[in-house]
Undergrad: 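Please read through the structure below; I'll follow up with questions.
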Protein chains: 2
Amino acid sequence: MVLPRAAKTQRRTRIQEEKEERILEAALEVFSANGFRGATVDQIAEVAGMSKPNLLYYFRTKEAMHRALIDRVLDTWLDPLREFNAEGNPVAEIRSYIRRKLEMARDYPRESRLFANEVLQGAPHIEDELKGPLKALVDEKAEVIRAWAKAGKIAKCDPYHLIFAIWSTTQHYADFDVQVRAVLGQGNAGEGRFEDAARFLERLFVDGLQVSEQPAA
Amino acid sequence: MVLPRAAKTQRRTRIQEEKEERILEAALEVFSANGFRGATVDQIAEVAGMSKPNLLYYFRTKEAMHRALIDRVLDTWLDPLREFNAEGNPVAEIRSYIRRKLEMARDYPRESRLFANEVLQGAPHIEDELKGPLKALVDEKAEVIRAWAKAGKIAKCDPYHLIFAIWSTTQHYADFDVQVRAVLGQGNAGEGRFEDAARFLERLFVDGLQVSEQPAA
DNA sequence: TGTAATGTTTACCAACCGGTCAAATTATCA
DNA sequence: TGATAATTTGACCGGTTGGTAAACATTACA
């Protein structure tokens, strides 16, 4: 028999789970660094430490691998936004959302680049996810923010563009990492860049650049 | 004779100028949409309306085309930052820098995506430009911002991360356009998105989200 | 243990890709 | 006008790419 996935037994083998895991890990590495078209199956196979036909036994096509990867990663990628809590203190919620997103950019840059590559090139493989689950989630949270503004808890502002601004500023440190490093240089506190970014962004979103009362001195 | 570019005459033919122009326009279209590796010479030739060998008569390799394109575009892309003026009013300067960058994202999204693709995939072709001219320019302007902060004209903040924040928030509307459209939907004021973004960002950077005195009501 | 299902490999293919070549065509200008 | 240089094209090439076929190896389990 030559049925690859979803064989007769329905239940996935231990080997299947292990190999699919290794493949998706390798696929993340390669897709995130090169985009869909720039990635090659041979490359992924090499990173996964197996032969190309072996890899294609588990995922019949390059597209199937990419789709499986997207499905697997998208959920966790949106977790921080899901945790955005309507009941909490608005400023604290926004602050913690920024912090969480920045931690994701630091700890999961490949996931960030995976989506960035995809969206940048017109999102040919994830259009449905953007217009469906993503839009729905953003709509929901935008409503929360709008309510906060209406209640006078934060300044009146367009909630969608606020979310875009948080996304872009935080993911910048993953997606444009080489540029950030190049500009900061190694002498220029390049290594503390995530802490510096956190300080800067929390302050930016809360206070803006207006001169504030100096607490002391 | 088969000398392609820089022929005996030294002076470029009218035909040369026209064709190179058409090629670079097509190259911008294709490279920005697909990245370097994702773009094919055939594709560029088709968009430019000429045969592949003909195209390769003007640019010997795909790399040469890409390099010529980068050289041509990088300068104008950095213009807004160059115009950043140390003598001006700080808040006004920042506001106008944001506005200009947002206009660039609206009017020249392909240029933005060209660099985004490149940087996202590790900047293999523009590393020198990042570490050289770009870093130098940012260093210079960062010093201006630092001086403003020291003089108490704006809040103390990390000037590098301020620049990163302006870059990321504005370019987001070019680089992640499909995502922005998907989330906003067509009903949701999708068409006025650049005006909305301008209003939001100018306010964000100047005031932050803190509750401000309501002018009336 | 035997056997059927699952997993792996070697060899291969057709399409695509960047690039070349030589011949044919067109522009330039003495 | 004629000859020389510039431009354009179709045919082609070697390497890469996504994917297949079939033989071989291993595992699970009655």
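A, B, ... follow the sequence lines: proteins, then strands. Residue 1 opens every chain. Bear in mind that the values here come from a model prediction, so they are computed numbers and not experimental data.
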Undergrad: Counting only side-chain nitrogens and oxygens, does A:N54 get under 4.0 Å of the OP1 or OP2 atom of C:dT9?
TA: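 Checking C:dT9 against A:N54, a side-chain N or O does come within under 4.0 Å of OP1 or OP2.
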Undergrad: Detail all sub-3.5 Å separations between protein N/O atoms and N/O atoms belonging to nucleotides 28-30 of chain D.
TA:
from   : atom 1 : to    : atom 2 : distance (Å)
D:dA28 : OP1    : A:R14 : NH2    : 3.4

Undergrad: Is the shortest side-chain N/O distance from A:S51 to OP1 or OP2 of C:dT8 below 4.0 Å?
TA: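 Checking C:dT8 against A:S51, no side-chain N or O comes under 4.0 Å of OP1 or OP2.
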Undergrad: Would you call the rings of A:F164 and B:H172 parallel, tilted or perpendicular, where under 30° means parallel and over 60° means perpendicular?
TA: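 Rings of A:F164 and B:H172: tilted, as their planes differ by 30° to 60°.
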Undergrad: Rounded to whole Å, how long is the line connecting atom NZ of B:K19 with atom C1' of C:dT26?
TA: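 Going from B:K19 (NZ) to C:dT26 (C1'), I get 11 Å.
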Undergrad: Would a 4.5 Å heavy-atom cut-off, applied to side chains only, mark A:N117 and A:F36 as touching?
TA: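 Not in contact.
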Undergrad: Is the shortest side-chain N/O distance from B:Y57 to OP1 or OP2 of D:dT7 below 4.0 Å?
TA: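 Checking B:Y57 against D:dT7: at least one side-chain N or O falls below 4.0 Å of OP1 or OP2.
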Undergrad: Quickly work out the B:M50 CE to C:dG19 P distance and round it to whole Å.
TA: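 Roughly 16 Å, once rounded to whole Å.
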Undergrad: Does a salt bridge link B:R193 with A:D158, judged by any charged N lying under 4.0 Å from a carboxylate O?
TA: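 No, no charged N to carboxylate O under 4.0 Å.
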Undergrad: Taking OP1 and OP2 of C:dT6, is either one under 4.0 Å from a side-chain nitrogen or oxygen of A:Q16?
TA: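 Checking C:dT6 against A:Q16, no side-chain N or O comes under 4.0 Å of OP1 or OP2.
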Undergrad: Please work out whether the ring planes of B:H66 and B:F31 are parallel, tilted or perpendicular, with thresholds of 30° and 60°.
TA: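 Perpendicular.
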Undergrad: Any chance you could lay out the side chain to side chain contact (heavy atoms under 4.5 Å, CB included) test for A:W148 and A:E143, step after step, and finish with the verdict?
TA: CA-CA 9 Å; A:W148 284 342; A:E143 207 39 63; over 6 Å; no
Undergrad: Treating primed atoms plus P, OP1 and OP2 as sugar-phosphate and everything else as base, which nucleotides of nucleotides 11-18 of chain C get B, S or - for protein heavy atoms under 4.0 Å?
TA: B-----SB
Undergrad: Does A:Y58 have a side-chain nitrogen or oxygen under 4.0 Å from the phosphate oxygens OP1 or OP2 of C:dT8?
TA: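 For C:dT8, OP1 or OP2 has a side-chain N or O of A:Y58 closer than 4.0 Å.
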Undergrad: Where do B:R72 and B:E20 land on the salt bridge (Lys or Arg N to Asp or Glu O under 4.0 Å) test, with the steps shown first?
TA: CA-CA 12 Å; B:R72 179 189 155 104; B:E20 286 178 13; over 6 Å; no
Undergrad: Can you give me the closest heavy-atom contact between A:K135 and B:A182, atom names plus distance?
TA: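 Result for this residue pair: CD-O, 3.1 Å.
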Undergrad: So for the helix from C:dT1-D:dA30 to C:dA30-D:dT1, with five pairs setting each end axis, what is the inter-axis angle to 10°?
TA: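 End-to-end axis angle: 10°.
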Undergrad: Hey, would you say the B:H161 and A:Y173 ring centroids sit under 6.0 Å apart?
TA: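 Yes - the distance between ring centres of B:H161 and A:Y173 falls below the 6.0 Å cut-off.
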